[in-house]
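Report on one structure; see the data block that follows.
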2 protein chains.
Amino acid sequence: MAVDPDHVLRTAAALLTRKSTATMDEVARAAGISRATLHRHFAGRDALVRALESLGIEECRAALDAARLDEGTASEAVRRLVAAIEPVAGLLAFLYTENQLFEGEEQNPGWTLIDDRISALFRRGQLSGEFRIDLTPAWLTEALYGLLASAAWMVHSGKGAPKDFQHMIVELLLGGALRREES
Amino acid sequence: MAVDPDHVLRTAAALLTRKSTATMDEVARAAGISRATLHRHFAGRDALVRALESLGIEECRAALDAARLDEGTASEAVRRLVAAIEPVAGLLAFLYTENQLFEGEEQNPGWTLIDDRISALFRRGQLSGEFRIDLTPAWLTEALYGLLASAAWMVHSGKGAPKDFQHMIVELLLGGALRREES
DNA sequence: CCCATATGAGACGTCGATGTCTCACGCTGG
DNA sequence: CCAGCGTGAGACATCGACGTCTCATATGGG
């Protein structure tokens, strides 16, 4: 009887990931509840998106923790990060585009925290000599987001296999398209 | 007196690139015409988006032609491609997300043509030994789109300098984040 | 100069989504 | 057993955007 708000959120995330313009009614149906009940738990679409944003931030934070960005080489940390963040990629892409609509408003500070942690990882790689220094950590972070979105889209549209997700992103992000000199 | 439809289209492209949810009225105001006149030239928002899609495809095609993808090394061709396609990146990003809403409908075949030409470039690079073969041309193409969108977003939000646009994309796409061995 | 044509301004109806409300039902705990 | 709470279903008003229409105006060509 008692509705599980977390279950509703995760269902909504899964749906909106596929169809970003889904109606409140569709979200409710997908979660197996009525529109009225959905509205009892989330004041409106805005509140729902905000809650999804918090969920996404929390999952990202958890992924960052699980990836132990401070351990081992930066490359290894990037691989762990991509692996850990893969399940959130779809939700991330949705929130990414959704955030662009909040033009005037200030964005949730949680994103800054996440950006900073990822940027710090790339900076660590630069300081250790692993990563090149002509690409800023901010750009590498943004590029990672873009590649995550592209890969998620490829998998979702059936143009790519889910098993290749991590490999595609990590290899391109770290190694690039050029063939290495096997001297 | 006579309204220039092309000017309207380009103004709409510039506006929708920044605010993808802009109203028909906002689009009209931005183009310096009334909503009625806008509606006389484009039957509805749908028709406007379709026209923008055609414009985007045409500009892409022109960029691909200008980049002479068949000449020189594949790397050089990629650099020329990114340089030529930079002005269209914003519009591309808009159409990219807009297309995801046309879930059921078939997409404009023009995109396939463009995808194929870019994929062919990456395949050429693989055959010549320039590019690694464990990343599919389809993924490299999709990744290029993602990086274009990320870079356009960075520049638009002021987090990156426009002059770095090409460098950021090309260097990451081709070389990756890893520092090269300067043996 | 005059008329045809295109435009601007605005009113109007429509439609979809939203938010709110009421009422009846079923489950659960006392 | 019964009272209370949460839920489902649906009605209702609102709101924003859209598409259509009319009319006045100005502009440009004959």
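Order of the sequence lines fixes the chain letters, A, B, ..., with proteins taken first and strands second; residue numbering starts at 1 for each chain.
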Over how many whole Å does the gap from [X] atom [atom1] to [N] atom [atom2] extend?
X	N	atom1	atom2	value
A:Asp25	C:dG19	CG	P	13 Å
B:Arg35	C:dC12	CZ	C1'	11 Å
A:Phe42	C:dT20	CZ	P	15 Å
A:Arg29	D:dT7	CZ	P	15 Å
B:Leu38	C:dA6	CG	P	16 Å
B:Leu48	D:dA17	CG	P	16 Å

Kindly indicate whether the side chain of B:Arg40 and the base of C:dG8 share any N or O donor-acceptor pair separated by less than 3.5 Å?
-> yes
Got a donor-acceptor pair under 3.5 Å from the side chain of B:Arg45 to the base of D:dG19?
-> no
Look at atom CZ of B:Arg29 and say whether more than 12 heavy atoms of other residues, nucleotides or ligands are closer to it than 6.0 Å.
-> no
Within 6.0 Å of CD1 in A:Ile133, more than 12 heavy atoms from elsewhere | no
Under 4.0 Å: is that the gap between some side-chain N or O of [X] and OP1 or OP2 of [N]?
X	N	value
B:Thr37	C:dT7	no
A:His39	C:dT18	no
B:His41	C:dT7	yes
B:Ser34	C:dA9	no

Flag the pair A:Glu171 and A:Arg79 as a salt bridge only when some basic side-chain nitrogen lies within less than 4.0 angstrom of an acidic carboxylate oxygen.
-> yes
Start at the 5' end of DNA chain C and walk down; is the nucleotide closest to A:Met24 or to A:Ala36 reached first?
-> A:Met24
Hey, could you give me the OH/CG distance between A:Tyr145 and B:Leu147, rounded to the nearest 0.5 Å?
-> 15.0 Å
Minimum-distance nucleotide (side-chain atoms of A:Ile33 versus C:dG19, D:dG8, C:dA9) = D:dG8
D:dA9, C:dA17, D:dA17: which one has an atom nearest the side-chain heavy atoms of A:Thr23?
-> C:dA17
Taking all atoms of both residues into account, what is the closest heavy-atom pair of A:Leu69 and A:Arg117, and its distance?
-> CD1-O, 4.0 Å
